[in-house]
Visitor: 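Okay, here's the structure, questions in a sec.
In what follows, chains are A, B, ... by sequence order, proteins preceding strands, each numbered from 1. Because the structure is predicted, anything quoted here is derived from the model rather than measured.
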2 protein chains.
Amino acid sequence: MTTTAPRRRASISDVARLATVSVGTVSNVLNRPDRVSPATRERVLAAIGELDFVPNGSARQLRAGTITTAGAIVLDIANPFFTDVARGIEDRLDEAGYTLMLASSDENPEREARYLRLFEEHGVQGVMVVPSGPDVQHLEALRSRGLRVVLLDRPSPVETLSSVAVDDRAGAAAAARHLVDLGHERIAFLNGPHTIRQCADRAEGLRAALVDAGLDPGEALVEVTITALNADGGQAGTEQVLALDDRPTATMCVNDLAALGALRTLRAAGVPVPSGMAVVGYDDVAFAGELATPLTSVRQPTHQLGYRAADLLLDPDDSAAHVTFQPELVVRESTTGTG
Amino acid sequence: MTTTAPRRRASISDVARLATVSVGTVSNVLNRPDRVSPATRERVLAAIGELDFVPNGSARQLRAGTITTAGAIVLDIANPFFTDVARGIEDRLDEAGYTLMLASSDENPEREARYLRLFEEHGVQGVMVVPSGPDVQHLEALRSRGLRVVLLDRPSPVETLSSVAVDDRAGAAAAARHLVDLGHERIAFLNGPHTIRQCADRAEGLRAALVDAGLDPGEALVEVTITALNADGGQAGTEQVLALDDRPTATMCVNDLAALGALRTLRAAGVPVPSGMAVVGYDDVAFAGELATPLTSVRQPTHQLGYRAADLLLDPDDSAAHVTFQPELVVRESTTGTG
DNA sequence: CTGAAAGCGCTAACAT
DNA sequence: ATGTTAGCGCTTTCAG
């Protein structure tokens, strides 16, 4: 076994020297092989192989100015919703020969900024981001510096920024209507902070649907803010709800992960679903229909969301576009069952 | 609203000109602010703000040689197992002020190579990779070019490459023993191709456990190769198993996603679990215990796996280390229930 | 404390 | 067909 000590990376001039040609010729066999005679091409290729030469991307990029890479920042990479979106992005990018750098902000604007900067410094073509705060000024600034920017899963608050989103108001409203139709008059909503646009929109949609149904949101709606938008958050939120004096009869969750935590907590507490507490999730992730109590959830076109976002990013026509998909309520036993 | 047309990125010399200083001074306020007088520092900072200057990472890196970024390549970003591992990596990297570039190879060696090259060209400190093929020569080559390389979720076949893995043989063997103890004498294994080390190891562990129990693997084991290591693959594999003449009484799955597909298919076919068919998953993802039939599964220390891998990558002591975690069988109703 | 200048590795004119 | 060279944007001596 060779215990090759890590040596300095070979550069193009090392290759040139070994092949006894000029650096220009090496560059040519790399980028326009037809311009160079078969004989020398052979020689250069051999030298490249011998030295394990890999062109320095920084130097190349410094010359070229740009690369075929895009960045994406999602809120939480452990959430299947976002990974499905990421797959959509990857698939579209792949078609165009682009590569994706993926990062997760953890709903932390500071982390978001850090990754944005990293991407920018590395000269990505553009970025797709699920903003972790209400503010998009930093993204407009990015755009004015020549990067393509697409807002992910969030309608653009400004004309100049492209966006691909799902109508969160409509999704939450549909879920609320369903619950009201079932006779629920007091609903808990395990929601994230309103600084996250999706959360604010869903709260609004829910409220509006309640009002439409002739209910007083002040009475009918108990919004519980959970900090972790996952199963642990859902568990903590549900514990709060269960401790309430005038306990709601239904719980809507900001996503299916939170709903998973809610179901788990309810079961541990011996509260039957839906007779003791109806539960609605959001996202309709793959396992939603396979749970002990199959989960009523709001389905979003995740893969398309990502695919379309990448599509906009790649679009040579640089004008801003705003795409909105419609969600769809999928009804299952967690609201209509006999449990 | 300003419709700022994307203009050329400002460079350090633009800043220098605007602030009427030299580029060296601008560089100093960026990197060693103490070396420069407060007055000029102010002036330079103002110019930077005015021009929205963001240093060009490629240029910086070309000089500096390296950056505080690491890359990771997993098989499938839509699999919660890998995203949990990724979270572990991120957490450790974050502590060190590093950032992570994440990519998914789709079990495709070509894609793996492409991302590896991208990472290398961008000068990452190192990479953590779940190899998509049996071969690791390209990774050894990477290492010999000075990058830190850590094999993820796969024991290193060579001394020189660090690795963080879970004992796959032991995990599969434990599951098989459990099944045999329950009286099963014919077991289907929905497994991925053996070119993926984990799959080969699990098949071996399973086989060995069967032999230990006095069973003939040729009789007792039906291995079905699934190409997609997810719910769809699990569904396809289960359909094959159900069509078998001498139908097995238990199905082991290469991961919980596949098990999800298996459960779904069995339910659709009216086969009760476990009385008609016992099912065992692998990974023990978050929802495994919350399914209609809670899933017996092999738990792996996912977060730790990633955390430790990043730890090795960051370790200034460059000698190769090999870490192996032990998995743990979590028994639930999909094997012991009354359904 | 600040400026001038070399050079990181590469590509693309331009020469030969 | 191949060589020479300027310069991408930055950091870092070395002078002043």
Side-chain angles (χ1 to χ4, degrees), chain A residues 7-48 51-68 117-118 120-124 145-147, chain B residues 7-48 51-68 117-118 120-124 145-147:
Chain A
R7 53 172 187 277
R8 198 180 63 78
R9 247 172 93 159
S11 86
I12 199 172
S13 64
D14 297 325
V15 175
R17 199 171 320 118
L18 184 59
T20 53
V21 295
S22 75
V23 293
T25 300
V26 177
S27 175
N28 275 336
V29 350
L30 253 29
N31 304 301
R32 297 114 97 192
D34 43 301
R35 278 212 211 287
V36 42
S37 82
T40 42
R41 198 191 313 153
E42 272 320 297
R43 211 143 35 88
V44 170
L45 256 15
I48 287 178
L51 294 173
D52 264 337
F53 168 69
V54 173
N56 181 323
S58 305
R60 173 181 299 205
Q61 190 184 332
L62 181 56
R63 282 257 26 182
T66 190
I67 48 172
T68 56
R117 189 172 176 106
L118 179 75
E120 183 176 12
E121 289 188 354
H122 282 308
V124 300
R145 274 181 246 125
L147 276 87
Chain B
R7 53 174 188 275
R8 197 180 64 76
R9 245 172 97 159
S11 85
I12 199 171
S13 63
D14 297 325
V15 174
R17 199 171 318 117
L18 183 59
T20 55
V21 294
S22 74
V23 295
T25 301
V26 176
S27 174
N28 275 336
V29 351
L30 253 30
N31 304 301
R32 298 114 97 194
D34 43 301
R35 276 211 213 288
V36 44
S37 81
T40 41
R41 197 192 311 153
E42 273 319 297
R43 212 142 35 86
V44 171
L45 255 15
I48 287 178
L51 294 173
D52 265 336
F53 168 68
V54 174
N56 181 322
S58 307
R60 170 180 301 206
Q61 191 185 329
L62 181 54
R63 282 260 20 183
T66 190
I67 49 173
T68 55
R117 187 167 178 110
L118 179 76
E120 182 176 14
E121 288 188 353
H122 282 315
V124 299
R145 276 181 243 123
L147 275 86

Visitor: What does the B/S/- profile of nucleotides 11-16 of chain C look like, 5' to 3', with a 4.0 Å heavy-atom cutoff to protein?
Guide: BB----
Visitor: So, OP1 or OP2 of C:dG9: does either fall under 4.0 Å of a side-chain N or O from A:S13?
Guide: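 So the side-chain polar atoms of A:S13 never come under 4.0 Å of the phosphate oxygens OP1 or OP2 of C:dG9.
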Visitor: What distance do A:N56 atom CG and B:Q61 atom CD have between them, rounded to the nearest 0.5 Å?
Guide: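 The CG atom of A:N56 sits 7.0 Å away from the CD atom of B:Q61.
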Visitor: Please state how far atom CZ in B:R35 lies from atom P in D:dT11, giving the value in whole angstrom units.
Guide: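 Taking CZ of B:R35 and P of D:dT11, I get 13 Å after rounding.
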Visitor: Has the side chain of A:R60 got a donor or acceptor atom that lies under 3.5 Å from a matching backbone atom of A:P55?
Guide: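 The answer is no, because no donor-acceptor pair under 3.5 Å joins these two groups.
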Visitor: State the OG-CZ distance between B:S11 and B:R17, to the nearest 0.5 angstrom.
Guide: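 Going from OG on B:S11 over to CZ on B:R17, the span is 7.0 Å.
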Visitor: Just the rounded figure in Å: distance from C1' of D:dG7 to CG of A:L62.
Guide: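 Going from CG in A:L62 over to C1' in D:dG7 covers 9 Å.
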Visitor: CG/B:L30 to CD1/B:I12 distance, rounded to the nearest 0.5 angstrom?
Guide: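 Taking CG in B:L30 and CD1 in B:I12, the distance rounds to 6.0 Å.
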Visitor: Can you tell me how far C1' of D:dG7 sits from CG of B:N56, to the nearest Å?
Guide: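 B:N56 atom CG is separated from D:dG7 atom C1' by 14 Å.
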Visitor: With heavy atoms under 4.0 Å as the rule, sort B:T40 into base, sugar-phosphate or nothing.
Guide: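 Contact class for B:T40: sugar-phosphate only.
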Visitor: Rounded to the Å, how far apart are A:R17 CZ and C:dG9 P?
Guide: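 It works out to 11 Å between those atoms.
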Visitor: Once rounded to the nearest 0.5 Å, what's the spacing between atom CD1 of B:I48 and atom CG of B:D14?
Guide: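 Going from CD1 on B:I48 over to CG on B:D14, the span is 11.5 Å.
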Visitor: Under 4.0 Å between a side-chain N or O of A:S37 and OP1 or OP2 of D:dT2?
Guide: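 So the side-chain polar atoms of A:S37 do come within 4.0 Å of the phosphate oxygens OP1 or OP2 of D:dT2, strictly under.
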Visitor: Over how many whole Å does the gap from A:E42 atom CD to D:dT2 atom P extend?
Guide: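 Computing the A:E42:CD to D:dT2:P distance gives 12 Å.
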Visitor: Between C1' on D:dG9 and CD on A:Q61, what's the gap in Å once rounded to a whole number?
Guide: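 Rounding to the nearest Å, CD of A:Q61 and C1' of D:dG9 are 12 Å apart.
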Visitor: A:F53 CZ to C:dG9 C1': how many Å, rounded?
Guide: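 Roughly 8 Å, once rounded to whole Å.
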Visitor: Can A:R41 and A:T25 be counted as having a side-chain donor-acceptor contact under 3.5 angstrom?
Guide: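 No, because no side-chain N or O of A:R41 sits under 3.5 Å from a partner of the opposite role on A:T25.
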